Number of protein chains: 2
Amino acid sequence: MRWGVEQRLEFIEFRLFWEGSINRADLVEFFGVSVPQASKDLTLYQERAPGNTEYDNRSKRYIAADKFVLRFINPDPYVYLGQLRAVAEGSAAPHESWIARLPQADAALTPRRDIDIEVLRRILDAVRSKGSVEVLYQSMNRQRPDPIWRRITPHAFGYDGFRWHARAYCHMEHKFKDFLLPRILDIRSKGKPGANAESDWLWNNYFDVIIGPHPDLTESQKIVVAKDYCMDDGTAVLPVRYAMLFYVLKRLGLLSNPEKEDPRRQHIVAINKAEVLIALEKSNMSQEVSRNIPAPAGGE
Amino acid sequence: MRWGVEQRLEFIEFRLFWEGSINRADLVEFFGVSVPQASKDLTLYQERAPGNTEYDNRSKRYIAADKFVLRFINPDPYVYLGQLRAVAEGSAAPHESWIARLPQADAALTPRRDIDIEVLRRILDAVRSKGSVEVLYQSMNRQRPDPIWRRITPHAFGYDGFRWHARAYCHMEHKFKDFLLPRILDIRSKGKPGANAESDWLWNNYFDVIIGPHPDLTESQKIVVAKDYCMDDGTAVLPVRYAMLFYVLKRLGLLSNPEKEDPRRQHIVAINKAEVLIALEKSNMSQEVSRNIPAPAGGE
DNA sequence: GGAGCGCGTTTATTTTATATACGCGTTCCT
DNA sequence: AGGAACGCGTATATAAAATAAACGCGCTCC
């Protein structure tokens, strides 16, 4: 089966499954295919997936039957919702999505500085070729109020649920750090690497954050929260890169004292809080750490 | 130009732009076309976008030329990074992505309860047909420790940066509320709507959150933060649905007292804090609100 | 210096898709 | 009630796209 036909059959099934119906005109519009071809595709789909469709003369559409057997796609709620989010956030055009009738959706969103597309391209290039680049970086460090050129060797990307950064070896400070992509204002001059990915200890090693329901919740509430976070016996283990620990804790509300927060807002606490704090210091994300920690790194 | 050819040309340009190179074998592998056809596609691309490629005999690949003129795609950093995230989060299969050599990437992620795919399908159906459904909902309300059946009329979806909920009119409490999709355990019996989307005041109306840099930052740091959040004159206006206000504030760390937090962790504060608090009460998300507020709603 | 590999191109053949046209049945409007 | 409108299916001939199989070329790497 040719790729184009396969795509159209998947499209038909996608629309049937998530939207409940499909039309010959849908195919014509989306794929630019001729009317007879669209008819053939629909016939072919009905041959390959018999019993999945019923034609409704009122709406003049094929309707998904009650007992629907998937044959071409393997749908997932989070994939569908991810498309919704992408459209809602503006990072995907509505006509590119296979979802035709987008339901109203809103995502908690914040304005953010743009990422320079050339910067990202050349960071990616440096990561692939395992080289270094010079970046004009706008740090938050009070010693460096203005953007300065510094050489870095990037090897990975991190997303804190809000912003993207490049994980890179900094040739100036001789350690691995996070560089927020929107704060890289310019980029130039490829060069030799300063350190390879394998030596980024904080990136390559994981710490287990153990979470549990907030102690002030009622027993039944704790059960709900436990299910929400896929906990087993009231706890869940989250393996987190040391380099990502700060962001994960922030996201989960575990940076300050979650047990003192209102349990209706803060549902979980860290069970191994003491170890978490030590790990956080180790990761140097707390930024209140002495300088003699091995393999330090920090966000700016 | 046929849809399939168009797709392949876009694919070629995508790979050239983001990955720096493309191969005949790449086309054969991804689209399942024959070797001669892949050759023809590459030739066609070079005709339509002359000067974009150079053949490198070492790697036996077409390399993106230095001065690259986009002809078929309109790339965006956040679209590319969105794909990275989707793969990193597991909500997209690596082979479905057009990115071949996925750089190392990590996203601050949390285990989460699954969404029942049938639940989502039928909620979507209810939204489209503007009807109601009965859902078996696991609330956190201490009066209802066990899941109960309740009729709702959903009309939209919300994403708080972490979880998805359905915005719906609750026939039991006679008001609009948020229903977390993972907590809907079962679904049944379509019915007539209880209220339409237009009467969900908290969803349809917006409040302007005004944010600014944390006052304890240095002047230069404030400038950086201002740029990070696309602020103008040191402030940015965020129009937020009342129904989403709680989530946005939580995400931005503005729920408690951001000005008392360490500015290195909490970069921004709300300028119109008093109004924000009133709006938050209005939205009934604080859950510490008297019962006589018009058109109340709340998260459970 | 030769094996290996990826590229390009040729041929004949098959598959896919198109344009154009027609009849059918249902719905909806007058 | 009658007819226009619309979407469906299908027929035909034609055009385009893609395939299989085969060959030579040039470069790299061993």
Side-chain angles (χ1 to χ4, degrees), chain A residues 1-16 19-65 71-72 100-101 128-130, chain B residues 1-16 19-65 71-72 98 100-101 128-129:
Chain A
M1 173 149 316
R2 293 257 250 268
W3 186 80
V5 187
E6 185 84 30
Q7 288 290 114
R8 263 135 48 202
L9 291 180
E10 289 182 14
F11 179 85
I12 291 169
E13 191 155 84
F14 182 94
R15 284 278 170 99
L16 283 172
E19 313 248 304
S21 68
I22 190 165
N23 214 345
R24 193 169 62 173
D26 292 347
L27 284 168
V28 171
E29 187 189 355
F30 195 88
F31 293 98
V33 79
S34 68
V35 166
Q37 187 58 38
S39 270
K40 278 166 74 177
D41 289 337
L42 285 165
T43 307
L44 179 61
Y45 181 78
Q46 286 167 96
E47 281 172 16
R48 299 298 186 90
N52 273 12
T53 57
E54 290 161 6
Y55 189 70
D56 173 33
N57 272 315
R58 285 292 290 279
S59 59
K60 297 189 172 178
R61 302 180 67 79
Y62 290 92
I63 310 290
R71 283 241 41 192
F72 293 97
R101 304 174 56 186
R128 273 191 300 266
S129 60
K130 300 186 197 298
Chain B
M1 174 147 315
R2 292 257 251 270
W3 186 81
V5 187
E6 185 84 31
Q7 288 290 114
R8 263 136 47 203
L9 291 179
E10 290 183 13
F11 178 84
I12 291 169
E13 190 154 86
F14 181 94
R15 284 278 170 99
L16 283 172
E19 312 247 304
S21 68
I22 189 165
N23 213 345
R24 192 170 63 173
D26 292 346
L27 284 168
V28 171
E29 186 190 355
F30 195 88
F31 293 99
V33 294
S34 65
V35 166
Q37 187 57 39
S39 272
K40 277 167 74 179
D41 289 338
L42 285 165
T43 307
L44 179 60
Y45 181 78
Q46 288 166 96
E47 282 172 15
R48 298 299 185 89
N52 273 12
T53 56
E54 291 161 5
Y55 189 68
D56 173 34
N57 273 315
R58 285 291 290 279
S59 59
K60 296 187 172 178
R61 302 181 67 78
Y62 291 91
I63 309 292
R71 283 241 41 193
F72 295 96
W98 280 14
R101 303 173 57 186
R128 275 191 298 266
S129 61

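Residue numbers begin at 1 in each chain, while the letters A, B, ... track the order of the sequences. Bear in mind the structure is a predicted one, so any value in this text is a computation, not a measurement.
- Ring geometry for Trp3(B) versus Trp3(A): interplanar angle under 30°, hence parallel rather than tilted (30 to 60°).
- With Tyr45(B) as the fixed residue, the ring pair (Phe, Tyr, Trp, His ring centres under 6.0 Å) test singles out one of Phe11(B), Phe72(B), Phe14(B): Phe72(B).
- Between Tyr62(A) atom OH and dC8(D) atom P there is a gap of 6 Å when expressed in whole angstrom units.
- Tyr55(A) places its OH atom 8 Å from the P atom of dG7(D), with the value rounded to the nearest Å.
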Only pairs under 3.5 Å count here: list side-chain donor-acceptor contacts from residues 24-32 of chain A, not counting sequence neighbours, and write none if there are none.
| unit_1 | atom_1 | unit_2 | atom_2 | d |
| --- | --- | --- | --- | --- |
| Arg24(A) | NH1 | Ser39(A) | OG | 2.9 |
| Asp26(A) | OD2 | Asn23(A) | N | 3.1 |
| Asp26(A) | OD2 | Arg61(A) | NH2 | 2.7 |

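- When the P atom of dA3(C) is taken as reference, atom NZ of Lys60(B) falls 15 Å away, rounded to whole Å.
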Summary of protein contacts for nucleotides 11-17 of chain C, nucleotide by nucleotide, where a base hit scores B, a sugar-phosphate-only hit scores S (4.0 Å, heavy atoms): ----BBB
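- Note: CD (Glu6(B)) to P (dA16(D)) measures 18 Å, nearest angstrom.
- Put simply, CD1 on Ile63(B) is 14 Å from C1' on dC7(C), counting in whole angstrom units.
- Using a 4.5 Å heavy-atom cutoff, the side chains of Leu44(A) and Lys40(A) are not in contact.
- Separating the CD1 atom of Ile22(B) from the P atom of dG6(C) is a distance of 15 Å, rounded to the nearest angstrom.
- The side chain of Arg24(A) places no N or O atom within less than 4.0 Å of a non-bridging phosphate oxygen (OP1 or OP2) of dC6(D).
- Remark: side-chain polar atoms of Glu54(A) are not paired, donor with acceptor, to backbone N or O of Ala64(A) under 3.5 angstrom.
- Protein atom CZ of Arg58(A) is 15 Å distant from nucleotide atom C1' of dG7(D), rounded to whole Å.
- Taking atom CD of residue Glu54(B) and atom P of nucleotide dC7(C), one finds them 16 Å apart after rounding to whole Å.
- Both Ser59(B) and Pro36(A) sit near DNA chain C, but only Ser59(B) has its closest nucleotide nearer the 5' end.
- Between the CD atom of Glu19(A) and the CD1 atom of Ile63(A) there is a distance of 11.5 Å, given to the nearest 0.5 Å.
- Of the side-chain N and O atoms in Asn23(A), one or more sit less than 4.0 angstrom from OP1 or OP2 of dC8(D).
- Of all heavy-atom pairs spanning Gln46(A) and Tyr62(A), the tightest one is OE1-CE2, 3.7 Å.
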